[in-house]
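Just below is one structure, and these are the notes that go with it.
Order of the sequence lines fixes the chain letters, A, B, ..., with proteins taken first and strands second; residue numbering starts at 1 for each chain. Since the structure is predicted, the reported quantities are computational estimates derived from the model, not experimental observations.
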Amino acid sequence: MDAEERELLEQTLRKTMSGASGPVLDASLADLGWAEMLAEEPGTAIPLVFRLLGETGAHASVLNDIVLRETGGPPGRTPALPYTGGLWVEWARDGSADDCPLDPSLPLRRVAAGGAVPLAEGRRALGWWLLGTGRAMLALARRHVLDRHQFGRPLASFQALRHRLAEAYVGLEGAEAVLTATGDDDTCALLAKAAAGRAALTAARHCQQALGGIGFTAEHDLHRHVKRALVLDGLLGSARDLTREAGSLLLREGRTPRLVDL
Amino acid sequence: MRTAEFRRELRAWLDGHDLAPGDDHGLDAQVAQLARVRRALWEADWMRYGWPREVGGLGGPGVLRAVLGEEVASRDLAEPGIWSMVEVLVPTLIDYAPPALAAEMVPRLLSGREQWCQGFSEPGSGSDLASLSTRAVRDNGGDWVVSGQKVWTSLAQYAARCVLLARTGGPGHDGISAFFVDMDSPGITVRPLRTMHGVDEFAEVFLDEVRVPGERLLGAPGDGWKLAMDLLPHERSTCFWHRIAHLHSRLDRLLADGCEPDAGALGAAWLDLHTARCRSALTQRALAEGGRLGPETSVDKILLATAEQRLFDTARDLLPGTVELTDEGAWRTEYLYSRAATIYGGTAEIQRNIAARRLLDLGKE
């Protein structure tokens, strides 16, 4: 896929996700050739689709496809997925579940403990999703501080808020670098999801503050992204879990792996 | 030469040539060790890769210098801060000095025969560098006469030359010019600064009617600000890579020193370092592909400074009492030095101002 085709695909996906979510979006993605993209150009398709899910606030059951692709099992199933705290969930494909109390729009339901599944690809995909969610929150906060005036000045002119948004931005840029630079290594994927989860939660904190009262209302979109970030962070291991796992690896090996090189 | 091949051959060479420093960790010894390592690497050609032939180099991509610096830092052959100074000084000479001057001088620095310094900050001009007040006036013979005071000038007491910023015109950016000054010129006094980490690597430089020949002007009158801005991409690519390599070696040392097994804290320190490393790798790839680096390198700077302070905070937490009470002072010195990471090279606040203004496009304050 060249740059122009990629750009076109991004536009199409963004438009599709802006108008549909859940099973409807699953169907649209199937029509757009999701299965073929995943088979032929996973390196392009996964980052793009998952980041755009975050940016648009839509959701689809595509995480199942990523995990199944890695296990090599038959497509169409809904594997049990580990959640933080020793819990397990599944991502219903028919949109029927409404079991996620924090983010009820997600068809995520708790299930009995499942078997071990390979997690690297799923973590990387969720990392891109969290990155997109973080960028969506930052875009909302940025618009708000430019538009709203207090004390006769735009909020964007106050350094305290500028630095908060700069902090959110730096975290997201760092996470994108980690997601981009990763190879096929499991540890790279683990660190990538940890970085993305942490960056999304940092963005949530600063953007919530910059948006003030309006960001706390149900009518403003921010809370949807905040809740999405919290739920996705726990899936396949939270930033806290994964950071600790990374530390355990250091203690086991006694040396810091250099995972990217020039 | 390809990067991987260069790394492999360099490692083999370093394995066979013992350049490890001695037991004396004082600043004199550090600077002598730096010169020794440079001399050996210059004579074996490693120090020449990635620099243009016009200044004694062997050509090839600049990324080879990042690889060399990483090996030097990882093996603790030289202190990474002073090792990296050539990365900003040499490109400045190449871009702004008359070609003959660059060809004559650069090999002296790269081969370890000389140290140079960089006279930018002043007592009244830290974050607001463009307000600097050291003055250079042209006399009838075409020479310049420079008077003023510099501060935070690394290695000034060892330096043979200085890339110096001084005001030749009116106030603001446009009135600043740059000079290549011999440090043995009459009228220069150097006084090392005592700092909190106990290594006197920074100095005050007093300039009292110092005569600088006309041909030592770098660029044209008024090019000083541009020169200062042009060196940022160099500092924030190769130099950062060296520093990140150094910090990885310190995380290794923390593990080797039998730290408390706090997996969460160690993982967080590694995550910050890994993030800085990934970002720096992308920055250098962009540079290698001919991209111009701009305000986005403030992200690299913030990530690095944050990672550095977190690492040494973690070391102090997980080796309790070591920074405060042990006789062997490596952790103490480096912990204290890390406090400056959010101050030098543009403070954390200046970097966030740049991110807000230039990267998030939030308009003026």
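Applying the 6.0 Å contact sphere to CD of A:Gln11 captures more than 12 heavy atoms from other residues, nucleotides or ligands. Other residues, nucleotides and ligands contribute over 12 non-hydrogen atoms within 6.0 Å of the CZ atom of A:Arg69. Annotation: A:Arg153, atom CZ; neighbour count of heavy atoms from other residues, nucleotides and ligands within 6.0 Å is above 12. Shown here is B:Arg75, whose CZ atom has more than 12 heavy atoms of other residues, nucleotides or ligands within 6.0 Å.
With a threshold of 4.5 angstrom between heavy atoms, A:Leu138 approaches chain B through side-chain atoms but not through N, CA, C or O. Both the backbone and the side chain of A:Leu262 come within less than 4.5 Å of a heavy atom of chain B. For A:Pro154, no part lies under 4.5 angstrom from a heavy atom of chain B. Contact of A:Leu249 with chain B is made through the side chain alone, with heavy-atom distances under 4.5 Å. Residue B:Ser298: no heavy atom, backbone or side chain, is found under 4.5 Å from chain A.
The most heavy-atom pairs under 4.5 Å with chain A, out of B:Val63, B:Thr275, B:Leu271, B:Asp300, come from B:Leu271. Each of B:Leu266, B:Asp262, B:Asp272, B:Asp252 has some count of heavy-atom pairs under 4.5 Å with chain A, and the biggest count is that of B:Asp252. Contacts with chain B were tallied for A:Glu167, A:Arg240, A:Glu253; A:Glu167 has the most, counting heavy-atom pairs under 4.5 Å. When each of A:Glu245, A:Arg142, A:Glu173 is scored by its heavy-atom pairs under 4.5 Å with chain B, the top score falls to A:Arg142.
Within residues 193-210 of chain A, the residues having any heavy atom less than 4.5 Å from a heavy atom of chain B are, in residue-number order, A:Ala194, A:Ala195, A:Arg198. Interface residues of residues 347-365 of chain B toward chain A, defined by a heavy-atom distance below 4.5 Å and sorted by number: B:Glu349, B:Arg352, B:Asn353, B:Ala355, B:Ala356, B:Arg357, B:Leu359, B:Leu360, B:Asp361, B:Leu362, B:Gly363, B:Lys364, B:Glu365.
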For this session: Just do the side chain to side chain contact (heavy atoms under 4.5 Å, CB included) check on A:Thr243 and B:Trp270 with the steps written out, would you?
Result: CA-CA 9 Å; A:Thr243 302; B:Trp270 182 22; over 6 Å; no
Exercise. Can A:Arg255 and B:Leu251 be said to form a side chain to side chain contact (heavy atoms under 4.5 Å, CB included), step by step?
Worked result: CA-CA 8 Å; A:Arg255 183 177 183 278; B:Leu251 183 51; over 6 Å; no
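Between B:Trp241 and A:Val260, the shortest heavy-atom distance links the atoms CH2-O, 4.2 Å.
Note that CG of A:Leu191 is 8.0 Å distant from SG of B:Cys278, once rounded to the nearest 0.5 Å. With rounding to the nearest 0.5 angstrom, the CZ atom of B:Arg277 is 10.0 Å from the OG1 atom of A:Thr256. A distance of 6.0 Å separates NE2 in B:His248 from CZ in A:Arg258, rounded to the nearest 0.5 Å.
Looking at A:Glu176 and B:Leu282, their side chains never come closer than 4.5 Å, going by heavy atoms from C-beta outward.
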